[in-house]
Amino acid sequence: MSFRSIWRKLDNAFYALTERRRTKRQEKLIEKKSGQLEFASQWQLIRWKFARHKLAMFALGVMTMLFLMAIFAEFVAPYNPRAFREDFATAPPQRPRLYCPEEGRWYARPFVYPIVRDFDEDTWAVTFEEDRSEKLFIRLFVRGSTYRLMNIAFLESDLRLFGVEDGVISLMGNDTRGRDLFSRIVFGARISLSVGLLGIAISFVIGIIMGGISGYFGGTVDVVIQRIIEAIKAIPTIPLWMALSVALPIHWPLLRVYFFVVLILSIIGWTGVARVVRGKFLSLRTEDFVKAAELDGASNWRLIWRYMLPSFYSYVIARLTLEVPSMILGETALSFLGLGLQPPAISWGVLLQDAQHVRVMANAPWLLIPGVFVFVAILTFNFVGDGLRDAADPYSNV
Amino acid sequence: MKDNEHTARPIVEVRGLRKYFESTRGLLRKTVGTVKAVDDVSFTINEGETLALVGESGCGKTTTGRCMIRAVEPTDGKILYSLDNGNPVDITSLSKEAVRRLRRKIRLVFQDPYSSLNPRMTVFQIIAEPLIINKLIKGTGAARDRVAELLRMVRLDPSLMDRYPHAFSGGQRQRIAIARALAPNPRFLIADEPVSALDVSVQAQVLNLLKELQHKLEGLTYLFVAHNLSVVKYQSDRIAIMYVGKIVELAETEQLFTQPLHPYTEALIAAAPEPDPRVARTKKRVVLAGDVANPADPPSGCYFHPRCPYAREICRTTEPELRNLGTPEQPRSVACHFAHELSLQGIQ
């Protein structure tokens, strides 16, 4: 039997299986809904609607994987992100393979060829080549160097998600100092993704307080806050970031710099949230059900917490998800320009600093891979945000 | 028509009510114009009766209703409400706390049941809210019993109380809103166009329900705001017609329909659709030209004169007073210079 026919059979079987599961799931959903729709709270409706948004669900899966990768970075990365092999600076990525052309046969387990370094005596040029005579099989859960998961003492281990037994695997090549780029990207996700979340959390708190005051009480307070927002929005971001980050003392520890960078990003970020919140408050104040509750004798506090906030936090959450990318991009831009985090900190922006030189990019284009991760992360946030927004919109069809 | 057993005792007396909205401009909030939404409106509502307030949109009828519970602060005038013990209080001069207590007795039903119910709360939570906020009931069990009672009163199945508003139709939602209004045992209900957002087919249901409730709950009084005379025809004891912030005619329902005294009333009656084609053929058609006058810049003299088919010179210059033309048994008033001379057409 040829490979092709086996493949077709497998494919058919897989299709039949997923198709059956899909229809089953849909039937279950309809069954569940027909009995429960009337009792469903707004959140349940949003969840059901979101679950039907294919792209958003897919993006949510990718996003979860990215975050799991960031949380368990020590386990996912095959090497310590700071361990270097000077001889193998800018070594190219190794391609995982299943087919060995020399032997003309397929393997069930993916493998890579080891990279060997070659030095040209005349030109002093360093070249890297795959050594086809040897195969390094990729294995799951191999023993590597010891690490502490998230720096917690008792979580010490040497188990890695994947790796090779004798030799080195570098799926995305090495950087200019011979460090494994994939390991560095995995660690960089920690800062790059958390900057987005933390930045959003801070802008959310400031934004909701300022926007809430502005929209609920109105009048002069509103005018003042709106003018402040306009003033902040009018400042060009890059010069502002530059000015603020120049103010960072050089001897500050990494963690403090990190928080300061987040704060810098949030200073701009809260204005957008505040405007959304203000607009929602203004429109909800005139809403009949809020008016009705007011006439029932509800206090300001009760009006805000029981009537107004629940009516728009789903929307605000969707909005916030859509704002995370600007935070991630902001951090990347700052670090790329050398204004935010500096090596030895690892973030996707810091990694991209390596890709600033044309010579490097010509010789080692894989140094742009962190940019791909930024791109994917931002797309997933946008898709999930879109899905949330559609799901939270009571006027879109269920 | 209902007999006038309750007419002896007024529950609310409105005297010279005014509400001016000022439009401001700029940071310093300079006044650039005044909209006289309600301009010197006076009427009395007796306990147990239904007074309808009818007029085109923008004529100030809703604002009048809202002023009566201080949802809108009146600019001027008095609203005398007689308390349970018979003593009158002026609603316009009450303290915040007193207004709060008053709002348990005077309740508002909103026009649009789609926006007046919080989509995040179950029907039980919505109806129990005024009871819980005002601490009128203790314990979830008692609250559930009361809500069930209220739901039965508005002819809804009490087993539906844990559903969310999105599971109900427009008519059902309006019943829920009525149940919420009735929760603290009010004496006076302001129904702000309670059926105009509903399908014609369910309007009658809600209207009948309101009528039935008035019978069941002794002494429940309605102020029924509407823009459609045919809606209030079978509903109200007396009707007040409003035009650009003023009452132009106030009479008992039957009188008003059979023998209108104001040209605007005639036009409104003529505008109500007649279901019987034989009657419709004989009807005189009165089609008003132009739009409702702009309350920010009303015409001189009688506000209605640019649209009035009977207007004469005096109408352009002199504003007519609201005059009492009725008998002591059947009081009625109208604001038209020629109320005596015109013979206007009504319907039987």
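In what follows, every chain begins at residue 1, and chains take the letters A, B, ... in the order their sequences are listed.
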Structural part of B:Ile132 lying under 4.5 Å from a heavy atom of chain A: side chain
Under 4.5 Å to a heavy atom of chain A? For B:Leu108 that would be side chain
Starting at CG of A:Leu309, measure out to CZ of B:Arg120 and round the result to the nearest 0.5 Å. 11.0 Å
Is B:Arg101 in contact with chain A via its backbone, its side chain, both, or neither, using a 4.5 Å heavy-atom distance? neither
In terms of heavy-atom contacts, B:Ser115 and A:Asp288 come closest through OG-OD2, 3.2 Å
Sidechain-backbone polar pair: B:Asn134 side chain, A:Asp296 backbone, donor-acceptor under 3.5 Å: yes
Portion of B:Arg104 that has a non-hydrogen atom of chain A nearer than 4.5 angstrom: neither
For B:Lys105, I'd like to know if atom NZ has over 12 heavy atoms of other residues, nucleotides or ligands within 6.0 Å. yes
Any idea which heavy atoms bring B:Ser116 and A:Ala292 closest together, and the distance? O-CB, 4.4 Å
Looking only at heavy atoms, the pair that brings A:Ala298 and B:Ile133 closest together is CB-CD1, 3.5 Å
Contacting region of A:Arg306 [heavy-atom separation from chain B under 4.5 Å]: both
When every non-hydrogen atom of A:Phe289 is compared with those of B:Pro119, the smallest separation belongs to CE2-CD, 3.9 Å
